Amino acid sequence: MRVSCTALVVLFGCGGTQTVPAATLGERQFSNSSLSTSPFNAASCSTCHQVAKSPLARNDPGYNLYNVVHRPALWGGYETRLIDAINYCMTEFMGGRALSPDEDSARELYEYLAANSPDAPSPLLPLTVVKNVTALTNLPGDKTHGKDVYDRSCRRCHGDPHTGNGRLSTKVSIIPEDTLAVFPTIARQVAVEKVRHGKFFNIGGIMPLYSIEVLSDQEIADILDYVGF
Ligand code: HEC
Ligand code: HEC
């Protein structure tokens, strides 16, 4: 059979080996949950971060990583090396082993982030963690706004409230039912703890935390009223 070069080029390229730029491979890694070595992980970097000059209207727990390679420090100043900031997410949220700076996937991720960092210098971004959490019962919520904020902040992982339809994996709780089943009297307080502290402050799990810069107390109260906490 004779196959023309024009047909072949679509499938394999024609005449010589084809190399995919490292930044393109890195963009794929960014959305690839298998970048983590954990068989239980369902999250990718893109579950919690965007990399965009004109970001979509999302309230991600992690910052937009556009220009990230020029920031003087990361994680509100707690991390100074990009690889450490990334590995903190990898080990705490994605259950994987830390990437070594010279392995292919780490280099590809770096090339992708560097290709999306045109402006230097770029400022350190603040990360204000709320330490003392209350159930926010003093803040009447707005359910309509709550739905909007839930859609931009929580739905990518939790899916629909009450059913969990569309959730990231079966490891993600169905809210509010799963919480009400275990903590019938303090579910609202537990929900605020999860949002403000994620897995930290001895709470456990794999959920990320939301700083004051990402969600205000009022927005959390709105979400809680919409979800039914
Ligand atoms: C479950 C959510 C989650 C996942 C998954 C995740 N991160 Fe993060 N990441 C965060 C949060 C929360 C922070 C702290 C807020 C911040 O500094 O952006 C953070 C911080 C960072 C920072 C520091 C940004 C800055 O300027 O402070 C970098 C860089 C980063 N993550 C890269 C990655 C990469 C690359 C991946 C994939 C390997 C990843 N993250 C996966 C939630 C996540
Ligand atoms: C990156 C994915 C992710 C995002 C985004 C996320 N969650 Fe979660 N959440 C989880 C996972 C996974 C669990 C179960 C494991 C754990 O406790 O960490 C959980 C657990 C919870 C629980 C505790 C349920 C229980 O009783 O066990 C509550 C409440 C909750 N999330 C609320 C929220 C709200 C509200 C938002 C948005 C502001 C949100 N989550 C955003 C992944 C996420």
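Numbers here are sequence positions counted from 1. The figures here come from the full heavy-atom set of this structure, side chains too, leaving out hydrogens, waters and symmetry mates. Read the numbers this way: they start at 1 and go in the same order the structure lists the ligands and their atoms. Keep in mind it's a predicted model, so treat the numbers as computed, not measured.
Protein contacts to atom 8 (Fe) of ligand 1 involving N, O or S atoms at a distance below 2.8 Å are H49 NE2, C89 SG.
At distances below 3.5 Å, not a single donor-acceptor pair connects side-chain atoms of D60 with backbone N or O atoms of G62. A donor-acceptor contact shorter than 3.5 Å links the side chain of R196 to the backbone of S211. With Q50 contributing its side chain and L56 its backbone, the two residues share a donor-acceptor pair below 3.5 Å. Looking only at distances, a side-chain donor or acceptor of H158 sits under 3.5 Å from a matching main-chain atom of S173. Of the possible donor and acceptor atoms, one in the side chain of N59 sits under 3.5 Å from a partner among the backbone N and O of V214. Although no hydrogens or angles enter the test, the distance criterion places no donor-acceptor pair under 3.5 Å between the side chain of H197 and the main chain of V129.
The stretch residues 70-90 participates, sequence neighbours left out, in no side-chain hydrogen bond (donor to acceptor under 3.5 Å, both in side chains) pair at all.
Looking from atom 12 (C) of ligand 1 to the surrounding protein, the closest heavy atom is P61 O, 3.6 Å. The nearest protein atom to atom 5 (C) of ligand 1, hydrogens excluded, is given as S44 O, 3.4 Å; this is a heavy-atom distance. Given atom 18 (O) of ligand 2, the protein heavy atom at minimum distance is I206 N, 2.8 Å. In this structure, the protein non-hydrogen atom closest to atom 42 (C) of ligand 2 is M207 CG, 3.6 Å. For atom 20 (C) of ligand 1, the closest non-hydrogen atom on the protein side is W75 NE1, 3.3 Å. In this structure, atom 2 (C) of ligand 2 lies nearest to the protein heavy atom C157 SG, 1.9 Å. Nearest protein heavy-atom contact of atom 23 (C) of ligand 1 is L74 CB, 3.7 Å. Nearest to atom 25 (C) of ligand 1 among the protein's heavy atoms is R71 NH1, 3.6 Å. Nearest non-hydrogen protein atom to atom 41 (C) of ligand 2 is Y210 OH, 3.4 Å.
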**Prompt:** Under the salt bridge (Lys or Arg N to Asp or Glu O under 4.0 Å) criterion, do R156 and D151 qualify, and how do the steps go?
**Reply:** CA-CA 8 Å; R156 235 177 344 282; D151 288 351; over 6 Å; no
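Counting heavy atoms only, L82 comes closest to atom 29 (C) of ligand 1 of the residues L82, L124, I83. For the residues V195, D178, T47, the heavy atom positioned nearest atom 35 (C) of ligand 2 is part of V195.
Atoms of ligand 2 found under 4.0 Å from any heavy atom of A191, numbered from 1 in the order shown, are 29 (C). Each of the atoms 23 (C), 24 (C), 25 (C), 26 (O), 29 (C) of ligand 2 lies under 4.0 Å from some heavy atom of T179. Shown in contact with L127 at under 4.0 Å from a heavy atom are these atoms of ligand 1, numbered in order with element: 15 (C).
For the residue pair S33 and S44, the shortest heavy atom distance occurs at N-CB, 3.8 Å.
Scanning for side-chain contact (heavy atoms from CB on, under 4.5 Å) contacts around T134 gives L136, with sequence neighbours left out.
The nearest N, O or S atom of C154 is not closer to atom 8 (Fe) of ligand 2 than 2.8 Å. For residue S173, no N/O/S atom approaches atom 8 (Fe) of ligand 2 to within less than 2.8 Å.
Classification of E219 and R152 as a salt-bridged pair fails, no side-chain N sitting under 4.0 Å from a carboxylate O. A salt bridge does not link K147 to D225: none of the charged side-chain nitrogens sits closer than 4.0 Å to a carboxylate oxygen.
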Could you give the side-chain donor-acceptor pairs of residues 137-146 under 3.5 Å, partners two or more places apart or in another chain?
{"unit_1": "D142", "atom_1": "OD1", "unit_2": "T144", "atom_2": "N", "d": "3.0"}
{"unit_1": "D142", "atom_1": "OD1", "unit_2": "H145", "atom_2": "N", "d": "3.1"}
{"unit_1": "H145", "atom_1": "ND1", "unit_2": "D222", "atom_2": "OD2", "d": "2.9"}

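Only side-chain heavy atoms of F229 come within less than 4.0 Å of ligand 2; its backbone N, CA, C and O stay farther off. Contacts between K194 and ligand 2 below 4.0 angstrom, taking non-hydrogen atoms only, involve the side chain exclusively. Of the heavy atoms in H158, only side-chain atoms (C-beta onward) come closer than 4.0 Å to ligand 2.
Ligand 2 lies within reach of K171, whose nearest heavy atom is under 4.0 Å from it.
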